[in-house]
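What follows is a short report on a single structure.
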Amino acid sequence: MENYTPDYFDPPEIPKPQVQQQENRSSLKFKVLGIMALVLGLSYGIYICICAHRLSHPSEPAQLKDEQALELSAKLDSIFSERTKIVKELPYKTIPANLDVYAESAIIIDAASGNILYEKNADRKIPPASMTKLVEMYVVYEAIKNGEVALDDIVPLPPKCWAVNLPRDASIMFLAQGQTVTLRELLLGLAIASGNDASIAVAEYVCGSMDDFVKRMNDTVASFGLKNTRFVESSGYSEYNYTTAREFAAFCRRYVNDYPESLAMFHSQKVLAYPQQHNLPREQQNKESNQPVIQYNTNKLLGLLPGCDGLKTGFIYESGYNLALTACRNGTRFISITMKGPGIGSVQGNRYRIHDHTIMEEFAFEKFDTYRPSQEGKKFLIPVAGGKQKAVNLVPALDEAFSVPFISGETPRDAAEKITVQVKIPACIFGQVELGNDYGSIHYLLDGKILRTIPLVADRNIEKANIFAQASENLAAKICGLKH
């Protein structure tokens, strides 16, 4: 008999270990998450290291575009009024000099820095007389630079500029009908003989009319920010022209710095012989009776005051004896202006002018020299943590040149050369950076005493980065030891 096993004796199916499977899945998930966290941690660590390296070794930001440079300049002009002043006070306190100057109005400035070293009633409005011709010459130089005219152009001589048609007391270079004369020769006539006839010829040639030329003169000085200077004609003969010693010193600084070649070419020339044979009409040439008129430079300090190489005298009864003068010794240049100088007749007037300018120039050369930075275009690269750009340049907000007082060393030059520079800048800037904002400073010291401080400002705007970048770069900055 076969064995029989009932169905209910079949062994039951053993259930699968559900709990263990779930535990395995959870373990795998945690492992994956752990690996992911490790990878993310390592990635973030690498990112932090990259941030730290970038902060400790910042890359030079892109060079400013022209429009950015203009924006920076305009912003700094609006913040720092000194930037727009051609002449300015010394950056440190000093006892005003008491000089024996006879002229009613006077000033002397450092041509490199614009610092005022001495002044006397420098804001009185006085006719500049023939010093006006310096502004005329500046306008001519601008026209030459623009390609409108050239120094060797032959200039037509309309009847209004012939010497015979000018007032009897006017200064002239003896222009006459039929002469052939270049613009260069006319400028010599302006600079040496103070020729009013040359002034008319130049104005008519450059602009077509005296009115248009005078407008250009006035537009030029207005562009320099000179509000107390105005002209009605180009020669200075009119008493309705006016300026001040301060503003004319500012103009002369611009003229000398913009066109320094004018000094050797025109203003330091001592003699004018005109007309030469080549200037005369053909029928008058080679006649013994037609000899040039010899005139000597009206600036009597040329050859008398060491280093003097310009600029221009002026006299009408309403202005007295005026003089704009400059002298340069060992690379240091000063500009002195006197207006309403006393004197009965030119001999006495010149005596006072010589006295006043010798006093002022010798004072300047004995008491001051100019500090000039060893490096132009100075800038300091600073890392930016938490900004969309990672570095910014800090630049001086002001021109670094200034006049150094002779309070140390054996000469004024010794004092200027002893200036030490102390720079204070942050290790890092955090977050947003604003164009023109002050983030550091430069101090200029003489024997440990601060003579001047210049702010260091950001040369561009930088927006904040996103929150993650800000937090990460702040952490990286802490790791690098860069503090707020």
Side-chain angles (χ1 to χ4, degrees), residues 55 58 60-94 109-110 112-117 224-225 250 253 257 368 370-405 415-416 418-464 477 482-484:
L55 290 172
E60 181 76 27
Q63 185 175 353
L64 293 179
K65 297 178 181 178
D66 290 344
E67 58 268 25
Q68 291 176 305
L70 288 173
E71 182 185 6
L72 173 62
S73 180
K75 180 70 177 290
L76 295 182
D77 286 351
S78 68
I79 298 173
F80 304 98
S81 60
E82 181 184 327
R83 286 174 53 88
T84 60
K85 295 178 180 178
I86 305 174
V87 298
K88 59 206 78 172
E89 302 297 327
L90 289 165
Y92 47 85
K93 292 183 178 181
T94 185
I109 66 168
D110 185 329
S113 68
N115 287 148
I116 300 167
L117 311 180
F224 297 164
R253 182 183 178 221
N257 289 338
F368 298 92
T370 308
Y371 169 79
R372 296 176 179 83
S374 58
Q375 173 192 350
E376 296 292 341
K378 192 176 293 180
K379 57 185 179 181
F380 301 90
L381 182 63
I382 306 297
V384 177
K388 289 187 176 180
Q389 297 179 51
K390 305 310 176 185
V392 67
N393 284 319
L394 299 186
V395 297
L398 305 170
D399 179 13
E400 292 185 75
F402 70 100
S403 301
V404 178
K418 288 180 68 177
I419 291 292
T420 57
V421 178
Q422 185 181 85
V423 178
K424 293 186 177 181
I425 53 176
C428 184
I429 298 175
F430 293 82
Q432 180 177 331
V433 177
E434 187 172 343
L435 172 81
N437 266 19
D438 176 354
Y439 293 96
S441 59
I442 305 179
H443 302 285
Y444 303 86
L445 301 89
L446 181 57
D447 292 343
K449 179 181 179 181
I450 296 177
L451 293 182
R452 189 181 188 203
T453 298
I454 292 181
L456 288 171
V457 300
D459 70 345
R460 67 196 69 209
N461 288 312
I462 297 178
E463 296 179 3
K464 285 183 180 180
L482 305 178
K483 298 180 180 180
H484 280 275

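Values below: all heavy atoms of this structure, side chains included; hydrogens, waters and symmetry mates excluded.
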Which heavy-atom pair separates [X] from [Y] by the least distance, and what is that distance?
X	Y	result
Ala112	Thr370	CB-CG2, 3.6 Å
Val395	Lys379	CG1-CB, 3.8 Å
Ala391	Pro58	CB-CB, 4.0 Å
Ile454	Leu398	CG2-N, 3.8 Å
Thr453	His443	OG1-ND1, 2.8 Å
Pro426	Ile382	O-CD1, 3.5 Å

Would you check if [X] and [Y] make a side-chain contact, meaning some heavy-atom pair closer than 4.5 Å?
X	Y	value
Arg460	Val433	no
Leu456	Pro396	yes
Val457	Lys75	no
Leu451	Tyr371	no
Leu90	Leu117	yes
Ile450	Tyr444	no

In Å, rounded to the nearest 0.5 Å, how long is the span from [atom1] of [X] to [atom2] of [Y]?
X	Y	atom1	atom2	result
Ile429	Leu394	CD1	CG	5.0 Å
Leu446	Tyr92	CG	OH	9.5 Å
Thr420	Leu445	OG1	CG	4.5 Å
Leu64	Leu72	CG	CG	6.5 Å
Ile419	Asp447	CD1	CG	8.5 Å

Subject >> Neighbour count >12 (heavy atoms, 6.0 Å) for atom CD, Gln63 >> reply: no

**OP:** Might you confirm whether atom CD of Glu67 has over 12 heavy atoms from other residues, nucleotides or ligands at distances under 6.0 Å?
**Re:** yes

Subject >> Verdict with supporting geometry, Asp110 and Phe368, side-chain contact (heavy atoms from CB on, under 4.5 Å) >> reply: CA-CA 9 Å; Asp110 185 329; Phe368 298 92; 6.0 Å; no

**OP:** State, without any angle test, whether Ser403 and Ser113 hold a side-chain donor-acceptor pair at a distance under 3.5 Å.
**Re:** yes

Original post:
Are side-chain N/O atoms of Gln68 and Asn461 paired as donor and acceptor at under 3.5 Å?
Top reply: no

[Y] backbone acceptor or donor facing [X] side chain under 3.5 Å:
X	Y	result
Arg452	Glu400	yes
Arg83	Ala397	yes
Asp438	Pro455	no
Asn115	Phe402	no

Subject >> Phe224 and Ile86: CA distance, side-chain angles, deciding distance, side-chain contact (heavy atoms from CB on, under 4.5 Å) verdict >> reply: CA-CA 8 Å; Phe224 297 164; Ile86 305 174; 3.7 Å; yes

